[in-house]
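Counting starts at 1 for both ligands and their atoms, in listed order.
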Amino acid sequence: MSEPHLLLFGPPGAGKGTQSANVADAYGIEHVTTGDALRANKDMETEHGTPREYMEAGELVPDPVVDAIVAEALATAEGYVLDGYPRNLDQAAELDAMTDLDAAAYLSVSESTLVERLTGRRVCTECGRNHHVEFDPPEEAGVCDDCGGELTQREDDTEDVVRERLRVYRENTEPVVERYRERGELIEIDGEQPPEAVWTDLDAAIENVL
Ligand code: AMP
């Protein structure tokens, strides 16, 4: 069988980044993440402006910009796990035209947990590791346990922007999740559990459909 084509859905803060990295490692496939790609190209000039202005406000970056990133990444990937795309119905139609999926999984997490996770998240500027001020605090405040790098808060992890990201998710992305669910193509995973337990469930569910 060819390398798997997987999709991971979930609201901001559900653990998509962490779990997609696990999937990519375990299955030897690429982790294609629009959020990371956009963060690495925040000041790229496009005819719609730069990604930064949308991201800092918690809004979606315009479809043509994001569609192009995904099309380029998928063109060279044998197998992949897609994280953060599609985020609206037009992107979902674009993805349908680009590729076939083997599985779509959804990490479900309550809104209060999401707000707690996101506003307390601190990211290492050197190695990218996430800490959490309460759930996974570093030994020394502001310093990454893994590499000693500086921990910062993502500009879009402040409470106001988090609320807007969740609103945008409900309005734009939930209908996409619903579409996969109605087609019977969605694997639902309890994303409230600790990361290790989420991974156990996710891995078993993917194994089951491949
Ligand atoms: P994430 O790291 O997935 O939470 O994405 C961070 C931000 O990048 C989002 O709030 C959006 O501004 C932008 N972004 C990421 N993926 C997409 C997408 N598929 N469509 C539009 N904007 C996106």
Val66 heavy atoms, cut-off 4.0 Å: which ligand 1 atoms fall inside?
18 (C), 19 (N), 20 (N), 21 (C)
Measure the spacing between CD1 of Ile29 and CD of Glu78 and express it to the nearest 0.5 Å.
11.5 Å
I need the nearest protein heavy-atom contact for atom 7 (C) of ligand 1: residue, atom name and distance, please.
Met55 CE, 3.9 Å
Option with minimal heavy-atom separation from atom 6 (C) of ligand 1, where the choices are Arg39, Glu94, Glu59
Arg39
Which of the numbered atoms in ligand 1 are under 4.0 angstrom from any heavy atom belonging to Tyr85?
19 (N)
Specify the closest pair of heavy atoms between Arg52 and Glu155, including all atoms of both residues, with the distance to one decimal.
NH1-OE1, 3.9 Å
Which of the listed options, Val161, Leu118, Asp83, Val61, holds the heavy atom that is closest to atom 21 (C) of ligand 1?
Val61
Per atom 9 (C) of ligand 1, closest listed option by heavy atom (Arg154, Arg87, Arg165, Lys42):
Arg87
Heavy-atom pair with the smallest gap, counting every atom of Leu8 and Ser20
CD2-OG, 3.3 Å
Answer with side chain, backbone, both or neither: which part of Leu60 has a heavy atom less than 4.0 angstrom from an atom of ligand 1?
both
Nitrogen or oxygen atoms of Thr34 and ligand 1 under 3.5 Å apart:
yes
Counting only nitrogen or oxygen atoms and a 3.5 angstrom limit, does Gly84 reach ligand 1?
yes
For Tyr180 and Asp96, which heavy atoms make the closest approach, and how far apart are they?
OH-OD1, 4.2 Å
Cation-pi check, Arg181 onto Tyr106 ring (under 6.0 Å, within 45° of axis)
yes
Numbered atoms and elements of ligand 1 in range of Leu38, under 4.0 angstrom, heavy atoms
8 (O), 13 (C), 14 (N), 15 (C), 23 (C)
Do the ring centers of His5 and Tyr80 come within less than 6.0 Å of each other?
yes
Tightest non-hydrogen contact, residues Met44 and Pro51, listed as O-CD, 3.3 Å
Test side chain to side chain contact (heavy atoms under 4.5 Å, CB included), reference Arg87, set Val168, Thr34, Asn172, output is Thr34
For Gln91, counting its heavy atoms only, list the atoms of ligand 1 lying under 4.0 Å from any of them.
18 (C), 19 (N), 20 (N), 21 (C)
